[in-house]
Each structure stands twice: as C-alpha cells, then as structure tokens.
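All values reported here derive from a predicted model rather than from experimental measurement. Residue numbers start at 1 and run along the sequence shown.
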Amino acid sequence: MVKTKARFICQNCGANYSKWAGKCDNCGQWNTLLEQIINETEAKTALAKGAVSGKKLETISVNKIIPTDAKSRLGTSFPELDSVLGGGILLGSVALLAGQPGIGKSTLLMQIANYISQQKNVLYISGEESAGQVKLRAIRLGASSDKLHFASSTSGNDIAKTIEEGNYDFVIVDSIQTLSLSEISSAPGTVSQVSNCGNLIIRAAKSTDTAVMIVGHVTKDGTLAGPKVLEHLVDVVLNFEGDRYGGFKTVRAVKNRFGSTTEVAIFEMNEKGLEEVKNPSAALLSERQNTDGSIILSTIEGTRPILVEIQALVNPTNFGYPKRTASGFDLNRLNLLVAVLEKRTKLKLQDKDIFINVVGGLRLSDAAADLAVCMAIASATAGRKLDDKLVVFGEVGLGGEIRSAAASDRRLTEAKKLGFTGAIAPATIKDKFVLPVKDLRTTLIKYMDKK
C-alpha cells in the first residue's frame, strides 16, 4: 500500500509544515499554506537513488573558457529597454517579466517578438489565450512576420521539449503560473509547479542557447507571485510598473546578471501599442497649472533625470481622525514628513486631511522628493504658490534639516534644459543655479510668499 502524507506548503517561500497555520513562520505571510499530498515511499526511493547515481564532474580551467560574445544579443526595438537589459536580450538567458494584469505585458512582448522575428525565429507560447485572441493583438500591432510562430500550451514538459529542439532563437512563455508538469500532481501556480516548470525551461534554454522571456503574475501588493526561488533561478527580473488605465509605465530591472539595475525605460500606451517616451519631463509638465499645492520635483528614475509635478491637497477633516492618502509616494514616508512639518515649522496639520499625488502615474522611491512633498503640503495649507520657474529637491531629516541628494548635477542639468531659472536644493551643492537651503522652516518662510 502506498504510504502518503499530507503536508502544507507555503506558496510564497516554499516552507512546509505538518499542519495548517494562518501565518507562515518562515516568511511572515498570511493565508499562503496549501495542502499537498506527498508519497513518502517515492521520496525515500528517489533520495536513495540520488546518493549513488552521481558521477564525477569534468572540470576546465577558467582561462580556457570562451566568453559569451557581446554581439549575441537580440535588440528589442526599444533602445531604453535594451539599456535596462544590459544591451539587449542575451542568447541563452532567461528573463522574468512581472506586472499587474492589463498593464501591457503581452503587448510589449508581442512588439518585441515582431521586431526580433524580422531576422530570427521566434516562438510565442501562451497558456492563457487562444490563437485567435493572440492574432487580434498581432493585427493591432502590425506583427505579420513568417518567422513569428505561435503555440498554445500549459504543459511544462512540452514547452521544454520544444525549446530543446533548438529551432527558435527567442521564446516567450505567457505565463509561468499557468504551466504544470505531468509528474507533479499539484495544481498550476503552486510552489512546486512554478519552481519545477521554471527549472525545466531554464535547463532547456541554457542547453540550446535560446533566449527565453517568461511572464509572471504579481500579488495584490505588487510583489512577484510564486516562490522566491524562481527569481533566483532566472538571469533577469523585470518589473513592469505604472497605472494600467493611463499615464506613464516603467520597466526596471530588480535583478540583472548581465547589466545594471539602475536603468529604467519609460513607456506610454497608444492605439499602436507601447512607445518609448523620449522626453518625459516635457510631457509631464505640459498640462501643469501653477496653483497652490503644486511643486516641480527634479527626481532620478534609474540614471535618468526627470522633472515631475507633486500635487498636494489639504482640507479640514470631517472626522476625528485625519486622513492621509498618497498616490505614487510611500504613505509611511508621508506620515513621517507630516510629523516633521508639525514639529519643526509649527504648521497645524492634526485636523487636516492631506492628499498627495505624483502626476503621470510615476511611483517615486527617491529620498530627495521629501522637500518637494513638504513644500507642496505647506503651499496647499497656506494657499501660497512657489515661483513657477523653480524646481525643488532634497532629503528632509527628522530635525527639519535639508540633506544632500544623489546625482545633483544631472537634476540641475535637466532643469536648465527645460528653461527653469533656479533650484531650491541643499546648501551642500555648489552651483550658481542653486538657491541653497539648510532647514525646512527657513525654506518655507523665504520662498512661500506668493499669494
């Protein structure tokens, strides 16, 4: 009689437990434990066979290894995306593209597939859509190459076997959460299925020097769904971020074995698909109206300087507990800055609802955005405007001091290029263009004087 045992596997980190619990003790996530039946006899047999079936590895001197040719990269038709990837898609590499539903992952991949198929053989594998649905997208994006092939499958075994044949230079798998292996009884999307399917596909790609791009789902809080081991297995992890209903969308690498993780590509969706935004600063400021609560921030996205508008709205609260809301800015950081404003500048904000918006759908992680957010809140509270020819950047400390910002020279260059006359920035920056400031209270008294 086959001896089986029920185990509870965390779908986030892969930890297993003998009984169900609401919270995984390993990763701290709630409601991620799912029951799986494990054949103990087969597991013990496999372990015993594995202990005696190994063989000695053949080694080679590092000096004799032939390096991968930098020319063996595939262009994507998007120069900025090529920079994010480290110069293009490297043959034999496996990239993981993650993003919210409907943000444009399939659109971007179809455009990349269409461009590469002009010279190379490309295979688009979909486990979510039928051939007719993919054809509609191909027609809309003008993808009509004879070298662009399509297959619909949810079998990880079949996909790996197809890649192993070596007939395609670039393969797209949409998406990893829909795949399953016939040898594993659990449902698609579970830790065992995702990790084993990913491992099988990666082995096939490495053995045939086939470039593979895998689509991954994200959770409610925007993190990559599935086991963390999948991110360790692949060579590149790309995050597709932004508002799926409009605004700019960004692609950044959070892991890249072949390039930098500081680059970012900015896209805009239109009827012809995704297009790179060549001058995002000018596009973001084109509809700006200089009102109270509006401040221009000089920020850095990757290595690219961008001017973006920070908007603040301050209203008296209707309830006993004031509301704090932020779009595109960290809410915990906003609460900290509000506390600094109340303590160091004597602004009365404890009975005010505060709303912060980063125009264009961008999501800021730049510490130098602190000063712009503080000035926007103060401007909206006092009903005063800042000169529309000034940009702002600088980190705010808990003592109200203005601290230095990274890449200040690039921030200033971008502001000068768009016709601004000055920058309210930390006093540590030595430039005639800078209006130096040392603390938050002095900055507000000196520059918030226009009704």
- prompt: Can you list the steps and then say if Phe267 with Thr107 is a side chain to side chain contact (heavy atoms under 4.5 Å, CB included)?
  reply: CA-CA 12 Å; Phe267 295 94; Thr107 299; over 6 Å; no
message: Less than 4.0 angstrom from a charged side-chain N to a carboxylate O is my criterion; do Lys147 and Asp169 meet it?
response: no
message: What I want to check is whether the side chains of Ser153 and Ser155 have a donor and an acceptor closer together than 3.5 Å.
response: no
- prompt: Do Lys255 and Leu96 come close enough that some side-chain heavy atom pair is under 4.5 Å?
  reply: no
query: Would a distance-only check, ignoring hydrogens and angles, find a side-chain to backbone donor-acceptor pair under 3.5 Å from Thr210 to Ala205?
result: no
message: Going by side-chain contact (heavy atoms from CB on, under 4.5 Å), Leu179 matches just one of Asn157, Asn196, Val173, Ile214. Which one?
response: Val173
query: Which of these, Glu309, Gln311, Gln289, sits in a side chain to side chain donor-acceptor pair (under 3.5 Å) with Ser294?
result: Glu309
query: Are the side chains of Ile356 and Arg324 in touch, meaning some heavy atoms are under 4.5 Å apart?
result: no
- request: Establish, from distance only, whether the side-chain atoms of Asp82 and Thr76 form a donor-acceptor pair under 3.5 Å.
  value: yes
- request: Using the side chain to side chain contact (heavy atoms under 4.5 Å, CB included) rule, take Lys120 and Phe170 through it: C-alpha gap first, then chi angles, then the decisive distance, then the call.
  value: CA-CA 8 Å; Lys120 305 285 187 178; Phe170 181 51; 5.9 Å; no
query: Hey, are the side chains of Ile296 and Arg288 touching, using non-hydrogen atoms and a 4.5 Å cut-off?
result: yes
task: Without swapping roles, check the side chain of Asp366 against the backbone of Ala368 for a donor-acceptor pair under 3.5 Å.
output: yes
field: Euclidean distance, Leu200 CG relative to Ser195 OG, rounded to 0.5 Å
entry: 11.0 Å
message: Could you check whether any side-chain N or O of Ser77 sits under 3.5 Å from a backbone N or O of Tyr115, counting only pairs where one atom can act as donor and the other as acceptor?
response: no
- prompt: Okay, side chain of Gln111, backbone of Gly273: is any donor-acceptor separation there less than 3.5 Å?
  reply: no
message: Using the rule given for side chain to side chain contact (heavy atoms under 4.5 Å, CB included), can you reason through Thr250 versus Ile266, listing the C-alpha separation, both sets of side-chain angles and the distance that settles it, and then say yes or no?
response: CA-CA 5 Å; Thr250 61; Ile266 301 178; 4.1 Å; yes
- prompt: Taking atom CD of Glu275 and atom CG of Asn270, what is their separation to the nearest 0.5 Å?
  reply: 4.0 Å
query: How about Ile89 and Ile116: do any of their side-chain heavy atoms sit closer than 4.5 Å?
result: yes
- request: Identify the two heavy atoms, one from Ala143 and one from Leu148, that lie closest to each other, and give their separation to 0.1 Å.
  value: CB-CD2, 4.1 Å
query: Is it true that a side-chain atom of Asp370 and a backbone atom of Gly397 form a donor plus acceptor pair closer than 3.5 Å?
result: no
statement: When every non-hydrogen atom of Ala415 is compared with those of Val391, the smallest separation belongs to CB-CG2, 3.8 Å
- prompt: Backbone N or O of Ser298 within a donor-acceptor pair of the Glu414 side chain at under 3.5 Å?
  reply: no
message: Can you tell me if Glu287 has over 12 outside heavy atoms packed within less than 6.0 Å of its CD?
response: no
message: Are more than 12 heavy atoms, taken from residues, nucleotides or ligands other than Arg137, located less than 6.0 Å from that residue's CZ atom?
response: yes
- prompt: Quick one: does Asn114's side chain get under 4.5 Å of Val122's, heavy atoms only?
  reply: no
task: Scan Lys249, Arg410, Arg252, Arg411 and name whichever one has a salt bridge (Lys or Arg N to Asp or Glu O under 4.0 Å) with Glu301.
output: Arg252
message: Show, in sequence, the C-alpha distance, side-chain angles and deciding distance for Ile424 and Leu386, and conclude whether the side chain to side chain contact (heavy atoms under 4.5 Å, CB included) test is met.
response: CA-CA 11 Å; Ile424 300 175; Leu386 183 69; 3.8 Å; yes
query: Is a side-chain N or O of Gln193 found less than 3.5 angstrom from the main chain of Leu181, in a donor-acceptor match?
result: yes
- request: State, without any angle test, whether Ser175 and Glu128 hold a side-chain donor-acceptor pair at a distance under 3.5 Å.
  value: yes
field: Atom pair CD1/OG of Ile429 and Ser408 - distance to nearest 0.5 Å
entry: 4.0 Å
- prompt: Is the closest side-chain heavy-atom distance between Asp235 and Lys206 below 4.5 Å?
  reply: yes
statement: Closest non-hydrogen contact found for Leu33 with Trp20 is O-NE1, 3.4 Å
statement: salt bridge (Lys or Arg N to Asp or Glu O under 4.0 Å) with Arg304: of Glu263, Glu80, Glu276, only one passes, and it is Glu80
task: Check the surroundings of atom CG in Leu418: do more than 12 heavy atoms from other residues, nucleotides or ligands lie under 6.0 Å from it?
output: yes
query: Quick check: are there more than 12 heavy atoms from other residues, nucleotides or ligands sitting under 6.0 Å from CD of Gln133?
result: yes
field: Leu364 CG to Ile300 CD1 distance, which is reported to the nearest 0.5 Å
entry: 11.5 Å
task: Compare all side-chain heavy atoms of Phe248 with those of Ile306 and state whether any distance is below 4.5 angstrom.
output: no
message: Quick check against the 3.5 Å criterion: does Lys105 have a side-chain atom that pairs as donor or acceptor with the backbone of Gln100?
response: yes
query: Atom CG of Leu141 and atom CD1 of Ile112: how far apart are they, to the nearest 0.5 Å?
result: 11.5 Å
task: Indicate the atoms forming the closest heavy-atom contact of Pro322 with Thr317, along with that distance.
output: CA-OG1, 3.9 Å
query: How close do Ala423 and Leu412 get, heavy atom to heavy atom, and via which atoms?
result: CB-CD2, 3.7 Å
statement: Between Leu307 and Leu284, the two heavy atoms sitting closest are O-CD1, 3.6 Å
- prompt: What distance do Leu371 atom CG and Ile310 atom CD1 have between them, rounded to the nearest 0.5 Å?
  reply: 11.0 Å
message: Do Leu85 and Phe258 make a side-chain contact, defined as non-hydrogen atoms from C-beta onward lying under 4.5 Å apart?
response: no
